[in-house]
Each structure stands twice: as structure tokens, then as C-alpha cells.
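Written below as C-alpha cells is the structure these notes are about.
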Amino acid sequence: MSDAIRVDGLLDLKATLQSGQAFRWSRDGEWYEGVIFGNLVRLRRTPEGVEFTSFPEPEDAFKDRLADYLGLSDDLDAIYRSIGVDEHVKAAIERYPGMRILRQEPWECVVSFICSAWSNVRRVSTTVESLSAKFGEPIATNGTMRSAFPTPEQLAATDEQAMRLLGLGFRAKYIPASAKLVAEGRVNLLALREAPFEEALDAVMSLPGIGDKVANCIMLFSLVQRSAFPVDLWIRRVLSDMYLGEAGQKMSVPKVRVWAQEYFGPYAGYANHYLFHDWRNAGKRS
DNA sequence: TTCCAGGTCCGGC
DNA sequence: GCCGGACCTGGA
């Protein structure tokens, strides 16, 4: 049986689920299939909102967590008014109205973005699926076979060599090391949702394999820190082209980030993701 | 074959 | 603090 979530504001499922912030969603016609909170989830947009199925948890028990995951409580109108004062962001918003920032599970987000270092979206997706299949709890259905994302404890029990066998390369040693710190409670990820930006940044960056860029991805996509601003190669180029000029290429990552946070304001992270997604799709438009 | 992909870490000024 | 180089792997 399926259930439904009513959506009053804008929601673009494709742009939200397949814009490089999450890595386990695939599209099959109008349906999207993924694994979140240990459940196999299928969902599609309807005129009234979102129709979905979940397994193994019954839909009525899963509904609220899915709505929260999709970021439906974010006030997009207010966010657009805030960041839309920038003409480039405004143009991107007009091309992808309803793209939302998700509220992912922090641990999965940590590992996914450690894997993303000097890599690409497709390869990260492959790696995340391999990690789940090998170390996560299987979700037995009569259809496709998928697994929950492995817990910190499950990954803390692995080692660098096991990670290298999955093709993680130089990122291999960071996963078990970070898993141990989280499993031991040295870093309480969920608690950082309530922490001030700088405090959360320091805590996330204390995990091995996580620098300023990856930490900001984790904070933006899973810790509900909407002012977080990941500065990657491409965002640096975009900002240099638009505002910073030649100097932008020479500024350190934290300096570019702080500039962007002051310029775009409390929803800088939303501005970042719109610019990033718009840039990624620029080639497909022209 | 050569080059590059959503960086991080380490050692030297 | 800032700067340069090394680092795994897979696809074009």
C-alpha cells in the first residue's frame, strides 16, 4: 500500500534527489527509488504532493521522517526572497524552482562526502552502494536487493585494506578512522544540528579525511546548517567569474567561504546548491 | 596514452 | 598561516 504526503509549496523531486547532494536515488520513469533510514523507499510527485511506499516500515510510521528528509519544512519563498537578490542565483532559481536541500542522515553524509574528495558523483554513488551491500543490513524484498547504509559501528569494524578493495583509493584509511570516532561518541553528529556554525565546523573537521569543503557539505546536507557553503573547484570558478576576479583563484577555501557567507547571508548554502546545480546543467542546456 | 574528477594532508618556508 | 606536491582509481 502507498501513502501520500501533502505538499503546499514548490517541490522538484528530480532536482532535489539527483543534484549531487544524495547518492542512492535512481529514477524509473516518474518513480524514484532509494534507501533512507534503513528503508527501501519509492516515491513520485503527484498534483497534491508526494506518493510513496516504504519497506520494511509501514508507510504511516515512515511518513513524518520522509517529509523531514525532503526538507518540506523549509520556507522556500522566504529563502528565495533572501538569496534571490543576487541575479545569478535568481536565474538559477527560475530554472529549477522547487529544488530543496535535503536533511540526510549525518553519518551516511559524512562517509559519502569523504568519498567525494577529488572524485565524481557517479563514482561516489557506486562506492556508497558497494559499502552498503558489503557492510550494511540487507533489506529483503521480492524485487531488487538493496541494503541499509552501514552504521558507524559496522564500518569501525572494517579496516583500510577492506576499503581499498572497494576502490576507495587514498580515501580508504579515513572511513574506519572516522567511524571509530563516531562510534565511540567522540563526535556526536546529530547534536551538531543545534550547535553554532563554527562549533559544528570544528567538530566535523576533527574527523580524518574532512577539510573545510567536505565539512560544509555535511553541515549543509545533513546538519541543517543552511549558511554552510562548500567551496569546490567549480564554485570557486563561478564566484571568480562573477565577483572575485583573478583574486578569487588565489584565495584560500575558508576565505572564499566566509566571503560567500557574508555576501549570500543565512541561506548561503541554498545559493551555493543552486549555483552548483545550474553550472552542472549548463552544458546540457546550450 | 594522458588527463581529470565536488580535496585533504603533510612538510617546508 | 601560506604554498606545492603526493595521493587511488576509473572513464573519456
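We use all heavy atoms of the structure for the numbers below, so side chains are in, but hydrogens, waters and symmetry mates are not. Residue numbers start from 1 in every chain, and the chains themselves are labelled A, B, ... in the order their sequence lines are given, proteins ahead of strands.
A:Lys173 comes within 4.0 angstrom of no nucleic acid atom, judged by non-hydrogen atoms across all strands. Residue A:Arg171 is in base contact, counting any heavy-atom pair closer than 4.0 Å across all strands shown. Among the protein residues, A:Ser19 comes within range of the nucleic acid bases, having at least one heavy atom under 4.0 Å from a base atom. Across all strands, A:Gln21 comes closer than 4.0 Å to base atoms (heavy-atom distances). A:Val121 comes within contact range of at least one nucleobase, with a heavy-atom separation under 4.0 Å.
Taking the salt bridge (charged side-chain N to carboxylate O under 4.0 Å, His left out) definition, one finds that A:Asp86 meets it with nothing, sequence neighbours left out. Every residue two or more places apart in sequence or in another chain that forms a salt bridge (charged side-chain N to carboxylate O under 4.0 Å, His left out) with A:Glu57 is listed here: A:Arg65. Residues meeting the salt bridge (charged side-chain N to carboxylate O under 4.0 Å, His left out) test with A:Glu30, sequence neighbours left out: A:Arg44.
Interface limits on DNA chain C: the 5'-most and 3'-most nucleotides within less than 4.0 Å of chain A heavy atoms are C:dC2 to C:dG11.
By the 4.5 Å heavy-atom criterion applied to side chains, A:Glu199 and A:Asp202 are not counted as neighbours.
Between A:Tyr243 and A:Trp259, the distance from one ring center to the other falls under 6.0 angstrom. A:His273 and A:Phe221 have their aromatic ring centers within a separation under 6.0 angstrom.
The same atom, P, is picked in B:dG11 and in C:dC8; the two are 15 Å apart, to the nearest Å. Only the P atoms considered, C:dG5 is 16 Å distant from B:dC3, to the nearest whole Å. Taking atom C1' on both B:dC9 and C:dG10, the two are 23 Å apart, rounded to the nearest angstrom.
For A:Arg257 and A:Asp212, the salt-bridge test passes: some basic side-chain N is under 4.0 Å from an acidic carboxylate O. A:Arg280 and A:Asp278 are not joined by a salt bridge, as no carboxylate oxygen comes within less than 4.0 angstrom of a charged side-chain nitrogen. For the pair A:Asp159 and A:Lys173, the salt-bridge criterion is not met [side-chain N within less than 4.0 Å of a carboxylate O].
Put simply, the side chain of A:Arg103 never gets that close to the backbone of A:Val224: no donor and acceptor are under 3.5 Å apart.
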Each base of DNA chain B marked ( ) or [ ] if paired in-strand (Watson-Crick or G-U under 3.5 Å), | if paired to another strand and . if unpaired gives .||||.|||||||
Heavy-atom protein contacts under 4.0 Å, nucleotides 7-13 of chain B, coded B base, S sugar-phosphate only, - none: BSS----
From CA spacing to verdict: side-chain hydrogen bond (donor to acceptor under 3.5 Å, both in side chains), A:Ser2, A:Glu51: CA-CA 7 Å; A:Ser2 69; A:Glu51 180 186 358; 3.0 Å; yes
